[in-house]
Amino acid sequence: MNQDPAKKRFPASPASMFGMVSSDIIEDVLVDLAKENEQSLANLSEYAGSFKDPRVIEIIFLLSEYWGQDSSTKYQAVEILDRFMILHVEEVYKSSAEYRNIMERSQAEPWNSLKIRLCDTFMLHLASCVLIASKLYFHCHIVDYNIALKFFGSAGYAYTKAELLRSELTVLRTLDFRVNLLSPFSYVEMLLEVLGHNNCSLSLKSLREMCIMILDLVYLVRNSIYDMILKTSTDLQSPTALQRIKFLPVKEDQMLLAASVISAGAFILGHDSWNQVLDHLHCITGITVNSLFDMSSAILKHSIGTAMLPKH
């Protein structure tokens, strides 16, 4: 049987095991994650999330699956790409003739030409982010350059190894080599660990699998979900531009998303234990029950419909 040379097969990822870490260590890690989330929201770019387009996310998810990557890789690759592209576009624009004519009247390439180049290299940068994310997880799952180049060739791209290396270095340098970015999945796994210590009645293994499916959905229809939450919170069908700007920290709050994903997963797996899980998540994260309810309800409306939504 012929195997696609651009498709890499890896041994299965080690299964997640809960309850193996002491409560003291879990508490310290949870506090650090909460602080990092708060710091990230405090320093949020006004363009955060601009490159989390559903089509882009779908490509990353499919490419990660094609290369046999674990779920953590695809989520981290999305976060790396979004952070990188925001900074990269800003750097490229600052090198354009339009910007420099304003600042120093020097000769430079027109912005339109630079935009075309950005589009031409976008797929290369996207793949580089997946490659980098694969190196941050299990070393046996790293996607090497030959596999990546075979994929590009089969997809009709004529990139070279030198271009792939240069692209990866561009991503690393632009992010100042700070690529080990947290994703909502990092928070999901930590919150599940805490729930295990709190004697959650649900199977954590089943809940984790459900959370992955729900998180995939949220990434792919994130605009619809967050638009629903914004319209509900403002009681307006057409929120103003200012309201959307103020709402951005909610869209990028990874702790809120993780807790809501777990809440939605708990509801799907067992209605009887849902209130207990919701209370646990409120105590663990400090997020109000109302916020968790609104967010998880929006997620559930996009996953199981409105017929079986929880009552507040």
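Hydrogens, waters and symmetry mates play no part in the numbers below; they use all other heavy atoms, side chains included.
- With sequence neighbours left out, the salt bridge (Lys or Arg N to Asp or Glu O under 4.0 Å) criterion links D32 to no other residue.
- Counting only heavy atoms from C-beta outward, the side chains of V89 and Y47 never approach each other to under 4.5 Å.
- Rounding to the nearest 0.5 Å places SG of C129 at 10.0 Å from CG of L124.
- For Y159, the ring-ring contact (aromatic ring centres under 6.0 Å, His included) partners at least two apart in sequence or on another chain are F152, Y157.
- The side chain to side chain donor-acceptor pair (under 3.5 Å) analysis of residues 33-45, with sequence neighbours excluded, yields the pairs N37-D253.
- Under the rule for a salt bridge (Lys or Arg N to Asp or Glu O under 4.0 Å), the partners of E90 that lie at least two apart in sequence or sit in another chain are K94.
- When all heavy atoms are compared, the tightest approach of L220 to P54 is O-CB, 3.4 Å.
- Applying the salt bridge (charged side-chain N to carboxylate O under 4.0 Å, His left out) test to pairs two or more places apart or on separate chains, those with a residue in residues 230-244 are D227-R244.
- Side-chain contact between I268 and L300 is present, with heavy atoms from C-beta onward closer than 4.5 Å.
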Hey, can you pull the donor-acceptor pairs under 3.5 Å for the side chains in residues 174-181, sequence neighbours left out?
residue	atom	partner	partner atom	Å
T174	OG1	T170	O	2.6
N180	OD1	Q76	NE2	3.0

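- Scanning for ring-ring contact (aromatic ring centres under 6.0 Å, His included) contacts around F185 gives Y75, with sequence neighbours left out.
- Tested against S134, the residues I142, D70, D144 include a single side chain to side chain contact (heavy atoms under 4.5 Å, CB included) partner, I142.
- Counting heavy atoms from C-beta outward, E79 and L182 have side chains that stay 4.5 Å or more apart.
- Residues forming a salt bridge (Lys or Arg N to Asp or Glu O under 4.0 Å) with R166 (at least two apart in sequence, or on another chain): none.
- Under the 4.5 Å side-chain heavy-atom criterion for ILVMFWY residues, no single connected hydrophobic cluster contains both V92 and I116.
- With hydrophobic clusters built from ILVMFWY side chains whose heavy atoms lie under 4.5 angstrom apart, V56 shares a cluster with V78.
- Between the CG atom of D216 and the OG atom of S71 there is a distance of 6.5 Å, given to the nearest 0.5 Å.
- With rounding to the nearest 0.5 angstrom, the CG atom of L236 is 5.5 Å from the CD atom of Q243.
- F293 is not listed as a side-chain neighbour of T288, based on a closest heavy-atom distance of 4.5 Å or more.
- When the side chains of ILVMFWY residues are joined at heavy-atom separations under 4.5 Å, either directly or via intervening members, L87 and L41 end up in two distinct hydrophobic clusters.
- With F61 as the aromatic partner, K74 meets the cation-pi criteria of under 6.0 angstrom to the ring centre and within 45 degrees of the ring axis.
- With contacts defined as side-chain heavy-atom distances shorter than 4.5 Å, the pair S95/L114 qualifies.
- Residue L33 holds its CG atom at 11.0 Å from CD of E189, rounded to the nearest 0.5 Å.
- Between the CG atom in L217 and the CD1 atom in I299 there is a gap of 8.0 Å [rounded to 0.5 Å].
- Paired with S128 under the rule side chain to side chain contact (heavy atoms under 4.5 Å, CB included), one option of L169, L81, V171 passes, and it is V171.
- Every residue two or more places apart in sequence or in another chain that forms a ring-ring contact (aromatic ring centres under 6.0 Å, His included) with H88 is listed here: F84, H125.
- Side-chain heavy atoms closer than 4.5 Å link hydrophobic residues (I, L, V, M, F, W, Y) into clusters, and following such links, possibly through other members, connects I25 to L30.
- Applying the 6.0 Å contact sphere to CD of E27 captures no more than 12 heavy atoms from other residues, nucleotides or ligands.
- Residues satisfying the salt bridge (Lys or Arg N to Asp or Glu O under 4.0 Å) test with E252, not counting sequence neighbours, are K52, R222.
- Contact check on K205 versus E209 returns a salt bridge, with a Lys/Arg side-chain nitrogen under 4.0 Å from an Asp/Glu carboxylate oxygen.
- Between P249 and K246 the shortest heavy-atom distance is CD-O, 3.2 Å.
- Between L131 and V143 the shortest heavy-atom distance is CG-O, 3.7 Å.
- Considering every non-hydrogen atom in both L269 and L207, the closest pair reads CD1-CA, 3.5 Å.
- L257 is not listed as a side-chain neighbour of K251, based on a closest heavy-atom distance of 4.5 Å or more.
- In terms of hydrophobic clustering, with Ile, Leu, Val, Met, Phe, Trp and Tyr side chains grouped at heavy-atom distances under 4.5 Å, I57 and L248 are assigned to different clusters.
- Residues meeting the side chain to side chain donor-acceptor pair (under 3.5 Å) test with S238, sequence neighbours left out: none.
- For S296 against W274, the heavy-atom pair with the smallest separation is OG-CZ2, 4.3 Å.
- Taken from CG in L256 to CD1 in I229, the straight-line distance is 7.5 Å, to the nearest 0.5 Å.
- Residues L126 and L63 have side chains in contact (heavy-atom distance under 4.5 Å, counting atoms from C-beta outward).
- Of all the heavy atoms in T73 and V130, the pair that sits closest is CG2-O, 4.1 Å.
- S206 meets the side chain to side chain donor-acceptor pair (under 3.5 Å) test with S203; sequence neighbours excluded.
- When atom types are taken as modelled, the side chain of S64 and the backbone of I60 share a donor-acceptor pair closer than 3.5 angstrom.
- Using a 4.5 Å heavy-atom cutoff, the side chains of Y145 and E168 are in contact.
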